[in-house]
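Below is one structure, written out as structure tokens, with a few remarks after it.
Within every chain, numbering begins at 1; the chains are lettered A, B, ... in the order of the sequence lines, protein sequences first and strands thereafter.
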Amino acid sequence: MIRPFQRKERVLMRYSNYFIPTIKETPADAEVISHKLMLRAGMIRKVAAGIYNYLPLGLRAIRKVEQIIREEMNRAGAIELLMPVTTPAELWQESGRWEKYGKELLRFKDRKESEFCMGPTHEETVTDIVRRDVRSYRQLPLTLYQVQTKFRDEIRPRFGLMRGREFIMKDAYSFDVDSEAADLSYEKMFNAYRRIFERCGLNYRAVEADTGSIGGSSSHEFMVLADSGEDAIVSCSLCAYAANMEKAEARQVSTKDHAEPRPLERVATPEKRSIEEVAAFLNAATSSLVKSLVFVADDEPVLALLRGDHDLNEIKLKNLLGCESLELAPDAVVEQVTGAPVGFAGPVGIDVRIVADQTVAGMKNFITGGNEKDVHLKSVNLGRDFTVESFADIRDVVPGDPCPRCIDGIMEIWRGIEVGHVFKLGTKYSESLKATYLDAGGKEQVIVMGCYGIGVGRSVAACIEQNHDKDGIIFPIPIAPFHCIVSAVNAKDEAVMAAAEQIYSRLTAAGVETLLDDRDDRPGSKFKDADLIGIPLRIVVGSKNLVDGKVELKERRSGEVELLSIAEAEAKVRQMVAEALAQ
RNA sequence: CGGGGCGUAGCGCAGCCUGGUAGCGCACCAGACUGGGGGUCUGGUGGUCGCAAGUUCGAAUCUUGUCGCCCCGACCA
């Protein structure tokens with residue numbers, strides 16, 4: 001039915017006409033706070049594992065983040081385009097990733113049996129664009145970006161938007177004439193990222209990251225600090241050094257044990273397998289033990305040694321060994337290599353490559369496994385009892401380690417959510433896909449690339465992890481779905497509704513994104529909803545105060561309530577929003 | 001991929017062990033009262049018990065298979 005005269009009324013963002021299906025009870029399968037709150041606040045709904053509907057409120061928050069990203073990308077000189085989700089297999093075969101990417105890559109065939117995949121990232125596609133139409137150094141540098149849905153068939157999607165299979169990502173790619181120019185592009189993007197996460201109101205750290213299988217010279221991750229974060233990051237208490245745990249350097253501790261070597265001793269340790277068990281049984285500190293781990297590196301067994309209280313860092317070990325695959329050896333291999341069941345491995349009298357953490361180099365008279373069931377060795381010493389092929393940093397940093405960069409700094413460990421990642425790619429894709437240009441001398445050169453991602457939905461989730469209380473979400477104004485909610489306490493009171501609508505209209509006209517809660521509900525439920533969905537500012541219009549021409553202004557974060565005249569309240573809201581958006 | 005668990009109304013769950021008319025709370029609809037922090041009462045709507053096969057006079061309940069989901073681990077960006 002067409003009711004043209006209701007058009008104006010429809011334009012009002014009335015809660016009663018809008019769609020914010022909030023729920024009181026916490027859904028059973030949500031683990032982290034952001035997931036719970038996004039479901040409860042009616043922002044998202046699950047469609048399948050790791051796949052979500054973005055409901056209006058959730059979409060508005062996502063759009064806010066996207067908008068900030070676009071503004072900062074554009075400011076940094078990047079240019080927006082849009083690439084398809086569907087990518088033909090040929091491009092991926094050309095780069096070699098069709099085989100390498102594994103099961104995360106969702107593959108499918110069209111009716112003609114041609115193979116495609118859902119893009120988990122777009123290096124291939126964007127490089128294809130550039131190689132077709134960029135010929136000359138005059139066309140460089142060039143940075144292209146898009147905001148697009150990605151699909152990665154994660155083994156275990158979890159935590160709502162935090163680790164979904166389908167997710168919205170901003171990905172940018174830079175193209176430069178040489179690595180020096182590429183460094184400049186990288187720096188521009190790095191700075192743009194700082195601005196983006198600052199504008200989003202996130203408490204984050206930019207940390208050095210391992211470049212992993214993608215290669216390239218350097219990489220930084222932007223980590224939002226949160227206890228629920230899936231990544232461990234370390235930072236120095238004094239200087240600017242910060243890195244992902246995978247990458248964080250452990251400085252060689254110069255504590256050298258000068259004790260005289262004692263004679264090697266065999267001790268019975270029945271059923272004592274773990275470091276803790278052995279240490280307790282022999283009444284020794286875990287740090288006086290040496291942990292021996294058997295790994296299989298490209299089918300070859302390797303023994304890795306660590307001080308008992310340290311953890312192995314597989315990335316570092318993998319980089320040290322320079323192998324393609326690395327995994328902890330299965331029990332059968334351990335038994336074959338050591339001649340003993342798991343739990344009694346040691347370096348003495350063993351015939352495989354031995355690498356050790358640098359900390360081990362300074363140890364004397366330590367305890368190791370005896371390569372025999374229920375036997376450990378005491379007073380084991382390097383050189384005399386066994387030799388190590390190489391010493392290197394192959395352990396995880398632990399809290400209190402000295403900083404690798406400054407003199408007095410101490411390492412601290414945090415949990416973080418990776419919301420952004422910047423990479424110097426080098427020529428990995430431009431080489432395999434033959435993206436080249438002619439330099440000023442007319443000589444063909446390979447383009448040097450960089451890539452830069454931001455998880456948009458994940459940023460919203462991370463924001464909620466950092467901004468909530470027992471009542472719900474507390475959105476920072478820049479990414480709030482609405483800046484202000486006008487609650488008409490008694491929706492049946494005409495004076496109240498009229499005043500609320502006027503406030504709503506004036507705020508909206510002034511650029512304040514406002515939601516009018518006109519629902520005929522009890523005040524309690526309306527307040528609970530407003531708190532839950534996290535609108536930063538709330539104006540409450542009630543009949544009692546309205547008689548004196550007053551309304552209530554409440555700030556969600558502080559809980560501060562002020563009784564103000566309508567004009568004052570409007571002015572204050574406008575000012576607060578303007579200030580928050582001014583950055 | 002290995003281990004564990006769960007699929008019963010929109011949501012949260014009970015019933016299953018010991019087979020015999022499918023239940024509770026919330027939500028939803030109607031009405032009344034109520035009206036500044038998820039209110040009360042009355043009456044109602046809604047489920048082929050994930051799906052399939054089997055055992056049985058009879059299956060939500062027992063058996064097998066299958067699909068989906070969740071958790072831990074391995075793996076991965």
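Residue A/Arg165 has its side chain nearest to B/C69 when only B/C69, B/C76, B/G12 are considered. The side chain of A/Glu31 lies closest to B/C71, out of B/C71, B/C11, B/C70. Taking only side-chain atoms of A/Glu104, from C-beta outward, the nucleotide of B/C71, B/C75, B/C76 with the closest atom is B/C76. Distances from the side chain of A/Asp231 to the nucleotides B/A77, B/C69, B/C26 place B/A77 closest.
For B/A53 and B/G47, the C1' atoms lie 23 Å apart once the distance is rounded to whole Å. Taking atom C1' in both B/C49 and B/C62, one finds a spacing of 15 Å when rounded to whole Å. Between B/G58 and B/G19, the distance separating the two P atoms is 15 Å to the nearest Å. Remark: the separation of the C1' atoms in B/C17 and B/U61 is 9 Å, to the nearest Å. Across the P atoms, B/G46 and B/C29 are found 15 Å apart, a figure rounded to whole Å. Annotation: B/C70 and B/U56 have their P atoms spaced 38 Å apart (nearest Å). Comparing B/C71 with B/G39, their P atoms sit 31 Å apart, to the nearest whole Å. Separating the C1' atom of B/U45 from that of B/A60 is a span of 23 Å, rounded to the nearest Å.
Checked by atom type, the side-chain pair A/His122/A/Gln146 shows a donor-acceptor distance below 3.5 Å. At a cut-off of 3.5 Å, with distance as the only test, a side-chain donor of A/Thr427 or A/Glu431 sits close to an acceptor on the other residue. Under the 3.5 Å distance criterion, with hydrogens and angles disregarded, a donor-acceptor pair is assigned to the side chains of A/Arg97 and A/Tyr429.
The ring of A/Phe482 has its center no closer than 6.0 angstrom to the ring center of A/Tyr15. If you look at A/Phe423 and A/Tyr173, their ring centroids are not closer than 6.0 Å.
Look at NE2 on A/His421: it is 16 Å from P on B/C76, rounded to the nearest Å. B/C11 atom P lies 12 Å from atom CG of A/Leu39, rounded to whole Å. For the pair A/Glu123 CD and B/A77 P, the computed distance is 13 Å after rounding to whole Å. Taking atom CZ of A/Phe222 as the reference point, atom C1' of B/A77 lies 17 Å away to the nearest angstrom. As rounded to whole Å, 12 Å separates atom P of B/A77 from atom CD of A/Glu221. Note: CZ (A/Phe19) to C1' (B/G10) measures 11 Å, nearest angstrom. Counting to the nearest Å, the C1' atom of B/A77 and the CZ atom of A/Arg158 are 13 Å from each other.
The residue A/Ile23 sits apart from the nucleic acid: no heavy atom pair falls under 4.0 Å. A/Asp493 comes within contact range of no nucleotide atom at all, as no heavy-atom separation falls under 4.0 Å. Looking at heavy-atom distances under 4.0 Å, A/Glu230 makes no contact with the nucleic acid at all. Residue contacts shown for A/Arg156 include a base, since a base heavy atom lies under 4.0 Å away. Within the 4.0 angstrom heavy-atom criterion, base atoms lie near A/Arg40. Heavy atoms of A/Lys46 sit under 4.0 angstrom from primed sugar atoms or phosphate atoms, though from no base atom.
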Before you tell me yes or no, could you show the steps for A/Ile44 and A/Leu55 under side chain to side chain contact (heavy atoms under 4.5 Å, CB included), namely the whole-Å CA-CA distance, both residues' side-chain angles and the distance that decides it to 0.1 Å?
CA-CA 5 Å; A/Ile44 57 168; A/Leu55 303 189; 5.8 Å; no
Determine whether A/Ser543 and A/Asn490 satisfy the following criterion, side chain to side chain donor-acceptor pair (under 3.5 Å), listing intermediate values before the conclusion.
CA-CA 7 Å; A/Ser543 41; A/Asn490 188 340; 5.4 Å; no
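Across all strands shown, B/C33 forms a Watson-Crick or G-U wobble pair, both distances under 3.5 Å, with B/G39. Across all strands shown, B/C17 has no partner, as no Watson-Crick or G-U wobble contact with both distances under 3.5 Å is found. Across all strands shown, B/C24 pairs with B/G12; the Watson-Crick or G-U wobble distances both stay below 3.5 Å. Checking B/G47 for Watson-Crick or G-U wobble geometry (two distances, each under 3.5 Å) identifies no partner in any strand. Of all nucleotides present, only B/C6 satisfies the Watson-Crick or G-U wobble test against B/G68, with each distance under 3.5 Å. Within the shown strands, B/C1 is the pairing partner of B/G73 under the Watson-Crick or G-U definition, both distances less than 3.5 Å. Across all strands shown, nothing is found opposite B/U61 as a Watson-Crick or G-U wobble partner with both distances under 3.5 Å.
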In B/S/- notation, 5' to 3', how is nucleotides 27-37 of chain B contacted by protein heavy atoms closer than 4.0 Å?
S------BBBB
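Counting non-hydrogen atoms of other residues, nucleotides and ligands closer than 6.0 Å to CD of A/Glu494 gives a total of 12 or fewer.
Between A/Phe197 and A/Tyr204, the two ring planes are tilted [angle within 30° to 60°].
The base of B/A77 lies outside donor-acceptor range of the side chain of A/Asn244, with no N or O pair under 3.5 Å.
Relative to the six-membered ring of A/Phe527, A/Arg538 meets both conditions, a distance below 6.0 Å and an angle of at most 45° to the axis.
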